[in-house]
Each structure stands twice: as C-alpha cells, then as structure tokens.
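What follows is a set of notes on a single structure, which appears directly below.
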Amino acid sequence: MATRWGLCHVGKISHDFSVDMKTLPPGDHQIVVVAARSLERAREFAKKHSIPKAYGSYEELASDAEIDMVYLDVLHTEHWRLGLLVLQAGKNMLCEKPFAMNSREVGDLIAASKKSNVFLIGVYNLQFVLMVFNGERPESIHATGVLLNSGMDEPMVVMKFPRNRLAFCFFSIAVSLPNNATISGTTGTIRVINSKNSQINNNIVVTCCFQPESLLTIQSVNFSFSPAGLKENPRMPLSESALLTEIMDECRKQVGMVFNQDSQ
C-alpha cells in the first residue's frame, strides 16, 4: 500500500517535492492532501499537482486520518509550533531544513515523536559531516563569519574530531558555491559532487553523482522504515539530529547570530 503524504505549505520546495514525487511508483508514495493558510492557494497548488484534497488550515491537515506522513515545508521559524501540532496528532513527519531554531526546539520535537510513537526525520547540510564521522561528537568547534544586512550569516566552520581528524565547512547565500564535498584520507580521496556529469580522474578518486530524481528514490527507501515499525532512520538517527543542532547553536554563538527563540 502506498504511503499517503500530506504537504504542509505550498512553497517552492513543496513544488519541487511534488514534482520529484511523481518520479516514484504511485504504488509506493502518493500525495493526497495539501494545506496552506489560504484555502485558495492550497486549491491552486492541488490543481497544479493533481492532489485530491486541499485545506485552508494546518489543523485540518494534522487531523486528517487518511495521511500517513506529513512533509513540513513552512518557514523554519514555524517548524517547532507546527511540528508539534503534526506529531501530537500522531502523524509521521519529514521536516524540511533546518530542523528547528535551536536545540531546545529540536528536543521538544524529538520528545513529541517518541511520546506519539511516530517516525520523525530532519536534516541540515552539516549532516554530511556527521555521516562521514559516523555520528561522533567533535572535540572542538571553531566558527567565524559575517552577518549580512539581510540578517543571514555567512559562516566558516572547522571541527576537530578524535584521532586528529578535521572537517572544514563553508556556507553562503550571497555567492554561488559548487555544492561539492571532498573526503580525503591517507590512501585516497572521495569527491561528492552536485552534477549530472562525473568522471574518475585516477584510480584513487571516486566521484559520486546525485541527481534530483535519484534523491527522492533514496528517501523513499528510508521512509519505508516507518511501516516496518522503526520510528527513526538508522542512517540519520534523531540523536545525530540533536547533536547537529548543538553544533549549529555553538556556531551561531561564535559568529554572533542570536535568535529570539534562544531566550525563550
């Protein structure tokens, strides 16, 4: 039986999600409901993507008994409030990045998912580092950067892990970066690139290519854990999501980025 999805919001990412979902077999995943604060916008989105039901409130989405999984794509400042609404209603949830505003909010979401015994997953771009280091906690974190007039931050982060291993990360919204990653060791290098074209430069370099249509296929395998009884992804467990948020909190603190939610 197909996993029945409900979309929480009608933004660009929900549009991309809906387009990618159509690349999967309909017997595996189907979007059956979309919700927005405006019923008119929800109906327009539903018509565009052939979604059978539209709601003008997120409360209606959370209470719909025909939904198995909710994709939360609202502004990240609302992830905590609406995430709790969805989880406390007993719905499995995929949360768009970032998971929430800080560690306290992420902890609340994880606790709600465990109390309701539902599946929950949320990621951010630093997740790749934790995947490479198998969820280890860094020994030290050093972050620097600038705060833009828009209120966004441009950070560079260096993390030191046990056994003299380092991770270097740079993020930007002001400039276009290649969105690549390189893993270098004593005997070779792995390059992970965001490109449709890749080639092996020599016998110790492996280039991995991720295309948009393949990303959701990988996710579909992960989400199939929910019907099997698992409530988190073994490759991206909630403990790593909590650690990731702690790292992000420390990075923000060092850069000087403070959220209103930090004092609540």
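Nothing fancy with the numbering, it's 1 onward along the sequence. The model shown is predicted, which means the values in this text are computed figures rather than measured ones. All values below come from the heavy atoms of this structure, side chains included, with hydrogens, waters and symmetry mates left out.
- In this structure, T245 contributes its side chain and S241 its backbone to a donor-acceptor pair below 3.5 Å.
- Taking every heavy atom of both residues into account, A42 and V10 meet most closely at CA-CG1, 4.2 Å.
- Using cut-offs of 30° and 60° for the angle between ring planes, the H49 and F45 rings count as tilted.
- Side-chain contact between C169 and L126: present, with at least one pair of heavy atoms (C-beta onward) separated by less than 4.5 Å.
- Residue V132 is tested with I183, I190, V192 for a side chain to side chain contact (heavy atoms under 4.5 Å, CB included); the sole match is I183.
- Clustering ILVMFWY residues whenever any of their side-chain heavy atoms sit less than 4.5 angstrom apart, transitively, puts L39 in a cluster other than the one holding L82.
- Counting only heavy atoms from C-beta outward, the side chains of L61 and V33 approach each other to under 4.5 Å.
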Check: What do the steps show when you test Y58 against H9 for side-chain contact (heavy atoms from CB on, under 4.5 Å), and what is the final call?
Finding: CA-CA 8 Å; Y58 300 128; H9 196 40; 3.5 Å; yes
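- Residue L87 holds its CG atom at 12.0 Å from CG of N117, rounded to the nearest 0.5 Å.
- The minimum heavy-atom distance between S116 and Q88, with the atom names listed, is OG-CA, 3.8 Å.
- Under the 4.5 Å side-chain contact rule for hydrophobic residues, V74 and L84 share a cluster.
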Checklist line | Audit row: R252, D262, salt bridge (Lys or Arg N to Asp or Glu O under 4.0 Å) steps and yes/no | finding: CA-CA 11 Å; R252 286 196 297 107; D262 294 335; 2.9 Å; yes
Next item on the list: Using the side-chain contact (heavy atoms from CB on, under 4.5 Å) rule, take F161 and N134 through it: C-alpha gap first, then chi angles, then the decisive distance, then the call.
Entry: CA-CA 11 Å; F161 289 84; N134 199 29; over 6 Å; no
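- Crowding of R43 atom CZ: a count of heavy atoms from other residues, nucleotides or ligands under 6.0 Å not exceeding 12.
- H142 places no side-chain N or O within 3.5 Å of a backbone atom of V158 that could act as its donor or acceptor partner.
- No side-chain N or O of W5 forms a donor-acceptor pair with one of D68 less than 3.5 Å apart.
- Looking at Q254, its side chain does come within 3.5 Å of a backbone N or O of I141 through a donor-acceptor pair.
- Atom-to-atom distance recorded for S18:OG and K48:NZ is 9.5 Å, nearest 0.5 angstrom.
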Next item on the list: Determine, step by step, whether I121 and E232 satisfy the side-chain contact (heavy atoms from CB on, under 4.5 Å) criterion, reporting the C-alpha distance in whole Å, the side-chain angles of both residues, the deciding distance to 0.1 Å, and the verdict.
Entry: CA-CA 6 Å; I121 186 171; E232 58 184 305; over 6 Å; no
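- Residues Q261 and E105 bring no donor and acceptor atom of their side chains to less than 3.5 Å of each other.
- Between C8 and D73, every side-chain heavy-atom pair lies at or beyond the 4.5 Å cut-off.
- Side chains of M21 and Q30 form no contact here, defined as non-hydrogen atoms less than 4.5 Å apart.
- In this structure the side chain of V157 never reaches within 4.5 angstrom of the side chain of F170, judged on heavy atoms.
- Atom CG in D20 sits 9.0 Å away from atom NE2 in H15 (nearest 0.5 Å).
- The two residues F119 and M69 make their nearest non-hydrogen contact at CD2-CE, 3.5 Å.
- Salt bridge status for E78 with R81: present, with a side-chain N to carboxylate O gap under 4.0 Å.
- Here the side chain of E240 pairs no donor or acceptor atom with the backbone of M236 at under 3.5 angstrom.
- Side-chain contact between V32 and I51 is absent, with no heavy-atom pair separated by less than 4.5 Å.
- A donor-acceptor contact closer than 3.5 angstrom is absent between the side chains of N102 and D249.
- The CG atom of L72 sits 4.5 Å away from atom SG of C95, with the distance rounded to the nearest 0.5 Å.
- In the hydrophobic clustering of this structure, L244 groups with F133; members are Ile, Leu, Val, Met, Phe, Trp, Tyr whose side-chain heavy atoms approach within less than 4.5 Å, directly or through other members.
- Counting non-hydrogen atoms of neighbouring residues, nucleotides and ligands closer than 6.0 angstrom, the CZ atom of R165 exceeds 12 such neighbours.
- Of all non-hydrogen atoms in K91 and V118, the two that sit nearest each other are O-CG2, 3.6 Å.
- Both F128 and L243 belong to a single network of hydrophobic side chains, linked directly or stepwise wherever heavy atoms of I, L, V, M, F, W or Y lie under 4.5 Å apart.
- One distance of note links CG of D64 with CD of E59; it measures 13.5 Å at 0.5 Å rounding.
- With values rounded to the nearest 0.5 angstrom, S140 atom OG is found 6.0 Å from K160 atom NZ.
- Looking at every heavy atom in both residues, A35 comes nearest to S57 through CB-O, 3.7 Å.
- The two residues A46 and A54 come nearest to each other via the heavy atoms CB-CB, 4.1 Å.
- Put simply, the side chain of E139 reaches to within 4.5 Å of the side chain of P162, judged on heavy atoms.
- Clustering ILVMFWY residues whenever any of their side-chain heavy atoms sit less than 4.5 angstrom apart, transitively, puts F171 in a cluster other than the one holding V255.
- In this structure, the side chains of K53 and E66 come closer than 4.5 Å at one or more pairs of heavy atoms.
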Next item on the list: Please assess H76 against E96 for the test side-chain contact (heavy atoms from CB on, under 4.5 Å), listing each intermediate value before the final yes or no.
Entry: CA-CA 8 Å; H76 59 285; E96 183 53 58; over 6 Å; no
